[in-house]
Amino acid sequence: MKPIKVLCMALLLPAMLSAQKKPVTKVPQLGKSPLKDVVAAMTLAEKVRLIVGMGFNIEGIPPGMLPPMDPADNIAEKVVGAAGRSHAIPRLGIPTLTLSDGPAGVRINPIRHKDSTKTYYATAFPVGTLLASSWDTALVKRVGVAFGHEVLEYGIDILLAPGMNIQRNPLGGRNFEYYSEDPIIAGNMAASFVKGIQSNGVGTSIKHFAANNAEFNRMNLNTFISERALREIYLKGFEIAVKKAQPWTVMSSYNLINGTYTSESKDLLTTVLRNEWGFKGYVMTDWFGGKNAVAQMNAGNDQLMPGTTIQTKEILEGVKSGKISMAQLDKNVTNILNIILKSPTFKGYKYNDKPDLKADARVSRMAATEGMVLLKNDDNVLPLNSTKSVALFGNTSYDLIAGGTGSGDVNKAYVISIDKGFANAGYKVDASLSGAYKAYITDQKAKRPKPKMMFLAPEPIGEMPLSADLLKEQANKSDIGIITIGRLAGEGGDRKEADDFNLTAVEQAMISDVSKAFHDNGKKVLVVLNIGGPIETASWRDKVDGILLAWDPGLEGGNAIADVMSGKVNPSGKLAATFPMAYADVPNAKTFPGKELPGAKSANPLMGNPAEVTYDDGIYVGYRYFNTFNVKPAYEFGYGLSYTKFDYSNFKLSSKTFAGKITASVLITNKGKTAGKEVVELYLSAPSKMLNKPESELKGFFKTNLLKPGEAQLVTFVLTGYDLASFNTATETWVAESGDYKVKVGSSSLDIKKSEKFKLDKNINVLKVHKALAPASEIKELAK
Ligand code: BGC
């Protein structure tokens with residue numbers, strides 16, 4: 001033995017002996033020890049800490065209006081402006097997760113702690129409604145990939161998106177955040193978005209689960225719905241998203257379904273979501289949603305956001321009194337920890353706060369062009385082939401609405417207005433007109449009252465009056481007149497019929513007067529709709545030559561609008577929501593959004609008064625109603641024009657009788673002179689001996705590649721038994737009825753190009769499910 005080693009041993013010996021004397025009790029560590037050991041090592045207080053979020057302060061909300069948060073939690077946020085945080089438990093190696101809105105871009109504060117030397121702007125992508133109007137799941141995934149990278153690089157673990165409630169009524173205040181009136185579109189768009197975001201190793205929260213279709217008294221709205229309407233319309237999209245994409249989390253909604261808050265509904269969150277659909281992540285409440293923390297835990301609502309001290313107390317008392325078992329709490333905690341294990345924060349990811357905003361702006365612009373819908377194009381007024389100069393009318397030509405307000409808003413570094421977009425594309429934009437508008441807008445904005453709460457939409461400013469002389473001068477000077485009609489909406493309120501769904505008198509006059517002046521001069525007039533949900537078009541559309549529905553197109557909106565109008569991009573968007581002739585034509589127009597209950601008033605105005613609504617339109621939502629009851633819409637579901645024409649040929653079904661599945665294929669050929677993409681829509685008319693059925697329902701859709709003139713693409717769809725089935729409440733079964741089925745392919749829900757029949761010999765009970773979420777008494781629903 002060499003002397004040096006002997007010396008070392010001598011030095012180490014006392015330390016080794018003392019270590020032997022005091023055995024180290026190993027505290028299990030998340031990720032290193034089995035999860036069940038970590039859970040077993042947690043004290044009750046620690047479990048409750050994980051379940052109840054860290055609370056938050058919203059700027060502009062007076063203190064005392066929100067339920068109290070723990071003052072000890074008032075510590076500096078890692079990501080300023082993020083909507084929520086979970087508690088860390090350092091003893092067990094559990095870090096804080098950061099959760100941030102929202103569906104159209106990362107919503108965080110651009111400036112931290114008054115230090116403007118560094119900014120944290122995020123890309124405003126086009127809103128959900130525009131993305132869905134692309135009918136292109138690959139595109140939506142691509143947006144998700146870019147967007148999710150911003151989530152990751154800003155140090156966020158879970159994005160509170162996508163919003164995917166059904167656009168049940170055109171006045172729904174948050175429709176712009178959502179995808180469609182149809183659950184097949186909503187579900188597939190959400191699944192693609194979730195896959196894109198989560199491919200970055202960050203999570204999503206599909207929201208608001210479920211039937212949160214209005215903003216009216218949203219935290220207290222009791223929504224009565226039949227089991228069938230729930231299963232086929234309001235849950236279906238969530239089912240698709242969960243089964244196809246396994247979002248890390250689900251956000252339960254504010255409303256009640258048939259008397260129970262969704263966050264307190266075991267039927268919804270455990271029976272349906274976990275047991276039937278196989279959801280593996282965790283469920284969080286919407287912010288301050290629901291009433292009873294113990295009921296929420298028992299229902300399977302694992303995390304309470306943003307978290308209040310009252311909830312902590314309630315759960316602790318619930319355990320003491322036996323209203324909640326330790327086994328249940330352990331399930332909730334385990335669900336949360338399983339997701340924490342996957343999070344970038346847990347993995348120690350070194351985010352850089354420098355996402356590639358330039359690259360993402362390009363994705364945003366490209367996506368915007370894909371979801372814009374050409375509604376009208378008389379005499380091929382678009383694209384603007386020989387136009388050199390444009391006169392732009394309407395406030396939003398100069399002040400584009402990139403997205404909505406509330407948690408769906410994004411703090412972006414800039415917005416490209418339409419005048420800027422046209423100038424960038426090389427058009428001459430009349431300077432005197434734009435000068436007048438800009439001065440008017442600045443002046444009016446300074447005068448308008450501030451919204452009562454920071455996140456509410458401000459009052460719109462009225463359109464600038466246009467004198468006859470100004471119109472005459474503009475019609476002389478410019479090659480074409482373009483009018484933009486804008487609408488801003490957002491969380492906390494629904495839209496109105498007067499002066500919102502319907503145009504204001506001043507807007508009507510603007511359209512009439514501009515059209516007359518330009519038409520008198522032999523010039524054309526176009527309208528751009530910068531809106532987040534349908535408006536009335538029937539009364540004025542004949543006055544103009546073309547209409548482009550640009551939706552809320554994100555921060556590059558002006559450039560994207562110019563891309564489409566100039567013909568750089570051939571429009572290929574189609575409506576994922578019906579544009580009715582009049583608001584009264586909407587099946588639930590008379591009962592939307594519901595009524596307040598007499599007497600009971602909420603002490604807190606933020607929470608809204610107790611109110612209720614009955615979905616007596618049942619499954620007849622959107623085109624399912626219009627097409628079944630032959631109500632003519634202004635623009636039907638699935639509608640949208642192109643600068644080229646497509647031919648549908650070789651339509652074939654794999655068989656004339658159904659045996660397990662059937663394949664439909666159709667050849668799409670570009671017969672025009674411009675390259676373009678076609679959205680091919682597949683509808684199914686099912687036999688209706690036992691159950692009432694819509695005239696037809698969308699069962700598949702596909703956007704072709706960019707087809708050159710003369711080029712063709714074969715498009716194939718597969719229909720399974722589940723696609724054929726409707727929900728039979730009497731047996732709690734999805735049933736495909738025997739009889740003749742008609743498969744239709746077309747360019748819109750009314751523009752069917754080809755159809756073929758197949759037969760199903762015997763009823764198939766495709767899937768038996770549980771009795772869940774049933775209303776106490778039968779709902780009298782609209783029927784054919
Ligand atoms: C909204 C959610 C949002 C949450 C956090 C709620 O008011 O309904 O959509 O994710 O706030 O900001």
Side-chain angles (χ1 to χ4, degrees), residues 53-61 65-67 69 77 79-86 97-109 122 127-128 147 151 156-165 172-179 190 193-194 197 202-221 238 247-256 261-263 282-290 301 303-308 403-411 451 453-457 489-494 532 593 604-608:
M54 273 178 79
F56 83 155
N57 296 310
I58 320 179
E59 269 171 54
I61 295 197
M65 199 169 260
L66 293 174
M69 60 183 269
E77 297 153 292
V79 182
V80 180
R85 292 180 288 176
S86 65
L97 286 197
T98 301
L99 284 50
S100 172
D101 288 308
V106 178
R107 191 174 68 99
I108 56 175
N109 289 8
V127 296
F147 186 160
V151 175
I156 293 152
D157 298 287
I158 296 176
L159 179 74
L160 305 171
M164 54 174 303
N165 293 98
R174 296 181 81 173
N175 280 0
F176 70 94
E177 293 184 56
Y178 305 150
Y179 292 120
F193 183 83
V194 166
I197 298 276
V202 295
T204 53
S205 194
I206 60 172
K207 68 187 189 185
H208 310 86
F209 190 53
N212 183 182
N213 312 100
E215 287 298 281
F216 169 77
N217 288 296
R218 62 180 181 150
M219 298 180 97
N220 266 318
L221 182 63
F238 288 97
W248 286 15
T249 75
V250 168
M251 187 190 292
S252 54
S253 56
Y254 283 134
N255 53 290
L256 303 88
Y261 281 102
T262 59
S263 58
Y282 79 78
V283 179
M284 69 178 82
T285 58
D286 196 351
W287 269 227
F288 304 107
N301 194 119
Q303 197 169 51
L304 306 178
M305 292 307 289
T308 70
T405 57
S407 59
D409 201 358
V410 185
N411 292 311
M453 228 84 75
M454 176 213 72
F455 58 85
L456 296 179
E491 188 177 347
D494 293 306
N604 187 336
L606 268 186
M607 302 294 160

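No experiment lies behind these values; they were computed from the predicted model shown. Every heavy atom of this structure was used, including side-chain atoms; hydrogens, water molecules and symmetry mates were not. First listed ligand is number 1; within each ligand, the first listed atom is number 1.
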Peer 1: Which of the atoms of ligand 1 are close to S407, meaning less than 4.0 Å from one of its heavy atoms?
Peer 2: 1 (C), 2 (C), 3 (C), 9 (O), 12 (O)
Peer 1: Looking only at protein heavy atoms, identify the closest one to atom 7 (O) of ligand 1 and say how far it is in Å.
Peer 2: E491 OE2, 2.4 Å
Peer 1: Among all residues two or more places apart in sequence or in another chain, which pass the side chain to side chain donor-acceptor pair (under 3.5 Å) test with Y282?
Peer 2: Q303
Peer 1: So if I apply the side-chain contact (heavy atoms from CB on, under 4.5 Å) rule between S100 and each of V202, I108, D157, which one comes out positive?
Peer 2: I108
Peer 1: Answer side chain, backbone, both or neither: which part of R107 comes under 4.0 Å from ligand 1, heavy atoms only.
Peer 2: side chain
Peer 1: Looking only at heavy atoms, is any part of E215 under 4.0 Å from ligand 1, and if so is it the side chain, the backbone, or both, or is it neither?
Peer 2: neither
Peer 1: Applying a strict 4.0 Å limit to heavy atoms, is Y254 in contact with ligand 1?
Peer 2: yes
Peer 1: Please step through side chain to side chain donor-acceptor pair (under 3.5 Å) for the pair T262 and S252, ending with a clear verdict.
Peer 2: CA-CA 6 Å; T262 59; S252 54; 4.6 Å; no
Peer 1: Show the numbers, then the answer: is there a side chain to side chain contact (heavy atoms under 4.5 Å, CB included) between W287 and M251?
Peer 2: CA-CA 9 Å; W287 269 227; M251 187 190 292; 3.8 Å; yes
Peer 1: For ligand 1, indicate whether the residue M305 contacts it via side chain, backbone, both or neither (heavy-atom separation under 4.0 Å).
Peer 2: neither
Peer 1: Would you call the rings of F288 and F56 parallel, tilted or perpendicular, where under 30° means parallel and over 60° means perpendicular?
Peer 2: tilted
Peer 1: So, does M251 sit close enough to ligand 1 that a heavy atom of it is under 4.0 Å from the ligand?
Peer 2: yes
Peer 1: Atom OG1 of T308 and atom CE of M54: how far apart are they, to the nearest 0.5 Å?
Peer 2: 14.0 Å
Peer 1: Under 4.0 Å from any heavy atom of A83, which atoms of ligand 1 are there?
Peer 2: 5 (C), 12 (O)
Peer 1: With heavy atoms only and a cut-off of under 4.0 Å, state how R218 meets ligand 1: side chain, backbone, both or neither.
Peer 2: side chain
Peer 1: Would L159 and F147 count as a side chain to side chain contact (heavy atoms under 4.5 Å, CB included) if you check the C-alpha gap in whole Å, the side-chain angles of each, and the deciding distance to 0.1 Å?
Peer 2: CA-CA 10 Å; L159 179 74; F147 186 160; 3.6 Å; yes
Peer 1: Please walk me through it: do N165 and F238 pass side chain to side chain contact (heavy atoms under 4.5 Å, CB included)?
Peer 2: CA-CA 9 Å; N165 293 98; F238 288 97; 4.1 Å; yes
Peer 1: Has ligand 1 got any nitrogen or oxygen that is less than 3.5 angstrom from a nitrogen or oxygen of D101?
Peer 2: yes
Peer 1: Identify the closest protein heavy atom to atom 6 (C) of ligand 1: which residue and atom is it, and at what distance?
Peer 2: D286 OD1, 3.0 Å
Peer 1: Pull out every atom of ligand 1 sitting under 4.0 Å from any heavy atom of R174, numbered as shown with elements.
Peer 2: 1 (C), 2 (C), 8 (O), 9 (O)
Peer 1: Using a 3.5 Å distance criterion without hydrogens, assess whether the side chain of T204 forms a donor-acceptor pair with backbone atoms of I158.
Peer 2: no
Peer 1: Show me which atoms of ligand 1 lie under 4.0 Å from any heavy atom of K207.
Peer 2: 2 (C), 3 (C), 9 (O), 10 (O)
